[in-house]
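Have a look at the structure below before the remarks.
Computation of the quantities below employed the complete heavy-atom set of this structure, encompassing side-chain atoms and omitting hydrogens, waters and symmetry-equivalent molecules.
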Amino acid sequence: MSYATSKYYDFGKTAPFSGGIIDNQQSYLLESAYTPYGRNFRVEWWSISIRPGYSLLIDYSTGWYPKGIGSYLRASSTNDRLLVYQNSKVKSLTTAGVSTDCTGIIFTGTSRMNFTNTGDVCYCMNWTDQYTKLSGTTLTQPAAVPASFAPSYGVIFNNTMWASWWATNSNNVYRSVPSTFDDFNATWSGNVSFNEQITWLCANLESIFFFTKNSVAVTTKGDITQSGTTFGYAIRWMQVQEWAACHNSIVWAWNAVFFLTPSNKIMMIQKWASNLWFDTIDLTHRKNRGIEKIMNSLDPDQSNSFGYYVPSTNLCKWYFKSYGATFNDTCVVYSVNYDTFYVDTNKNFYDGVMFNGVEYTCSNIEPKVYIDEYGQTDDDQAIQFEYQTKSFAPSWPTTKNELWESKLFGSINELAEITQEVYVDGAKISTDTINSSNIPLITWGIWTNPVWDWAIGSYNPKDSTDMFDIYKITTKGKLQKKWFFFVWRYTCATLA
């Protein structure tokens, strides 16, 4: 977007306004590329576009909403599939939407089922039912485990299964025999005991993190020793402000670990520049980059929150409850590339997983599973886009410039309609409807956007199904104002 401050002077300000959300300081102090408020948008190549939608994969019609979804990638077979926990059964689900009940065990637990896939098998854990192995479509309960062993989750680290949050011994983390994830009793197995209750686990390629009620500890591969029949390890405690509020809200992205704290902050664990040890950073409450107001609007109880990492776009996604809500209704997205946040609405999901490069989620309200980040609607509902610029002041301390016109360059589908509202010192002075019938076409070609112009939408040359024409959108002669602060607000909905 470009602004001409006077009809008679060649004076303008280029303000792309294509960054994410920063809501923890007054808007006129924001960097020009960021907004104090926006919903359902993404940034790519510093242009802004409406986020993708989601599409129904399967409707189970009756019973619970799914209480867990997982990825089952078999090492020696091409028969990959999703796993869904619904109506006391683990169900095998293809990407074509064909669901088959796994046989052998009917579960009793109604809490979230966590799936840990390794090799040709997948392990199922839900706090209530005994540790269970799925091979193909057959469920069995391994015998070489502690009596009534019912952990809530497990992670693979150093070729070993580490499982915890078992009601019987909540201070222990149980370690299987290396490469034999059915056996927690034989030589090389064991457990790690803590003075505090273990609440969550997370592992990446280098380290395993133990989240307790009051702190975080870490063990690296170099801290583990094996000599004869003796298993040794070292645990080092990290200096952290808070610990994790929910196991499923812990996200591993490359060499960083992100987690939600009980006070609704998103923290990042990463190594120091010297690569000697770990440090934590508060991402959501930082000045000039934070989303403190959004996080403060969340409910104190985030026990059903969850998150995951999307490698293709380098995004971390979390699903939270707003204050007083009974289900997840707020999606907070963190862009690792741009170090900024976005917020999505109308995504009421209970769990999600990456499967062969595609996002799959399950509803927090109905017995449905969706393909996420797919299509231009939310299950045939319009996506409500909103984007508000920071406050723009055309004047200087010693002069007062007249804002004559604003120009918006962008790409728009011929059936789309955008509403532009202009506010001056908090009062709305202009409302314009922008569509293909009232704006002139410039030219079309790959990457022909004029330099320094801000694009609504982005053109992906790899996508041959959606063609957008480039338009020059001009609002001229309506402004002619000498007030101090101007704000542009854009709203749009995709076609349902």
Side-chain angles (χ1 to χ4, degrees), residues 57-58 60 66-107 109 112-126 129-145 149 151-163 174-184 189 201-205 208 247-248 251-254 306 308-312 351-362 369-374:
L57 178 63
I58 188 171
Y60 286 108
K67 296 292 184 71
I69 186 169
S71 172
Y72 188 13
L73 303 174
R74 305 187 70 188
S76 62
S77 170
T78 58
N79 189 22
D80 296 338
R81 80 291 298 268
L82 295 158
L83 297 175
V84 176
Y85 183 51
Q86 198 257 346
N87 280 1
S88 301
K89 297 179 181 179
V90 170
K91 304 184 178 186
S92 171
L93 177 63
T94 71
T95 56
V98 178
S99 180
T100 304
D101 291 351
C102 297
T103 60
I105 293 175
I106 300 296
F107 295 91
R112 186 193 303 266
M113 180 71 77
N114 288 295
F115 300 98
T116 302
N117 179 203
T118 177
D120 283 335
V121 299
C122 188
Y123 292 89
C124 312
M125 291 162 271
N126 73 346
D129 295 280
Q130 186 170 320
Y131 183 73
T132 301
K133 180 175 74 172
L134 173 66
S135 180
T137 58
T138 303
L139 294 158
T140 58
Q141 292 177 334
V145 299
F149 185 48
S152 296
Y153 45 79
V155 297
I156 304 296
F157 175 65
N158 203 30
N159 201 29
T160 304
M161 175 73 79
W162 303 66
Y174 292 83
R175 178 182 178 275
S176 75
V177 173
S179 303
T180 308
F181 310 120
D182 295 4
D183 193 343
F184 286 79
S189 65
L201 295 176
C202 177
N204 58 25
L205 297 177
I208 182 169
H247 170 75
N248 294 84
V251 174
W252 165 42
W254 297 105
F306 74 95
Y308 56 88
Y309 173 62
V310 186
S312 60
D351 203 2
V353 69
M354 291 296 302
F355 178 77
N356 285 336
V358 179
E359 298 175 55
Y360 294 88
T361 54
C362 50
V369 176
Y370 298 101
I371 308 171
D372 197 15
E373 298 290 312
Y374 178 84

field: Heavy-atom donor-acceptor pair, Thr361 side chain to Asp372 backbone, under 3.5 Å
entry: no
Reported CZ-to-CG distance for the pair Phe157 and Asn204, which is rounded to 0.5 angstrom: 7.5 Å
task: Please check if the side chain of Tyr72 supplies one atom and the backbone of Gly136 the other of a donor-acceptor pair under 3.5 Å.
output: yes
- prompt: Would you find more than 12 non-hydrogen atoms of other residues, nucleotides or ligands less than 6.0 Å from Tyr309 atom OH?
  reply: yes
query: If every non-hydrogen atom of Leu57 is compared with every non-hydrogen atom of Thr95, which pair is closest and at what distance?
result: CD1-O, 3.3 Å
- prompt: Trp162 and Leu201: which non-hydrogen atoms are nearest, and at how many Å?
  reply: O-CD1, 3.7 Å
task: To the nearest 0.5 angstrom, please state how far the CG atom of Leu134 sits from the OG1 atom of Thr140.
output: 8.5 Å
Test side chain to side chain contact (heavy atoms under 4.5 Å, CB included) applied to Glu359 and Tyr308, step by step: CA-CA 9 Å; Glu359 298 175 55; Tyr308 56 88; 2.8 Å; yes
field: From Cys202 atom SG to Ile208 atom CD1, the distance as rounded to the nearest 0.5 Å
entry: 8.5 Å
task: For residues Arg112 and Tyr153, determine if any side-chain heavy atom of one lies less than 4.5 Å from a side-chain heavy atom of the other.
output: no
- request: Indicate the atoms forming the closest heavy-atom contact of Gly68 with Asp351, along with that distance.
  value: CA-OD2, 3.4 Å
- prompt: Would you call Val84 and Cys362 a side-chain contact if the rule is heavy atoms closer than 4.5 Å?
  reply: no
query: Does the side chain of His247 come within less than 4.5 Å of Ser152's, by heavy atoms?
result: no
field: Asn248/Asn114 under side-chain hydrogen bond (donor to acceptor under 3.5 Å, both in side chains): CA gap, chis, key distance, verdict
entry: CA-CA 9 Å; Asn248 294 84; Asn114 288 295; 2.8 Å; yes
Non-hydrogen atoms of Phe107 and Val90 that approach each other most closely: CE1-CG2, 3.5 Å
message: So does Asn158 get a backbone contact from the side chain of Thr160, meaning a donor-acceptor N/O pair under 3.5 Å?
response: yes
- request: Please step through side chain to side chain contact (heavy atoms under 4.5 Å, CB included) for the pair Val145 and Tyr174, ending with a clear verdict.
  value: CA-CA 10 Å; Val145 299; Tyr174 292 83; over 6 Å; no
- prompt: Only one of Ile69, Val98, Ile58 forms a side chain to side chain contact (heavy atoms under 4.5 Å, CB included) with Leu93, so which one is it?
  reply: Ile58
- prompt: Is any side-chain heavy atom of Ser189 less than 4.5 Å from a side-chain heavy atom of Val177?
  reply: yes
message: Here's a test for you: under side-chain hydrogen bond (donor to acceptor under 3.5 Å, both in side chains), which of Asn117, Thr118, Asp182 qualifies with Tyr123?
response: Asp182
statement: Smallest heavy-atom separation, Tyr85 atom then Ser88 atom, equals CE1-C, 3.6 Å
message: Are Cys122 and Leu83 packed together at the side-chain level, in the sense that at least one heavy-atom pair is separated by less than 4.5 angstrom?
response: yes
query: Taking it one step at a time, do Asn356 and Leu73 satisfy side chain to side chain contact (heavy atoms under 4.5 Å, CB included)?
result: CA-CA 9 Å; Asn356 285 336; Leu73 303 174; 3.5 Å; yes
- prompt: Between Thr116 and Gly154, which heavy-atom pair has the shortest distance, and what is it?
  reply: OG1-O, 2.8 Å
- prompt: For the atom pair CZ (Phe355) and CG (Leu82), what is the distance rounded to the nearest 0.5 Å?
  reply: 5.0 Å
message: What's the separation between atom CZ in Arg175 and atom CE in Met161, rounded to the nearest 0.5 Å?
response: 12.5 Å
message: Assess the residue pair Phe115 and Val353 against the criterion (side chain to side chain contact (heavy atoms under 4.5 Å, CB included)); give the C-alpha distance rounded to whole Å, side-chain angles, the decisive distance to 0.1 Å, and a yes or no.
response: CA-CA 10 Å; Phe115 300 98; Val353 69; over 6 Å; no
query: According to the salt bridge (charged side-chain N to carboxylate O under 4.0 Å, His left out) rule, which pairs have a member within residues 81-103, sequence neighbours left out?
result: Lys89-Asp101
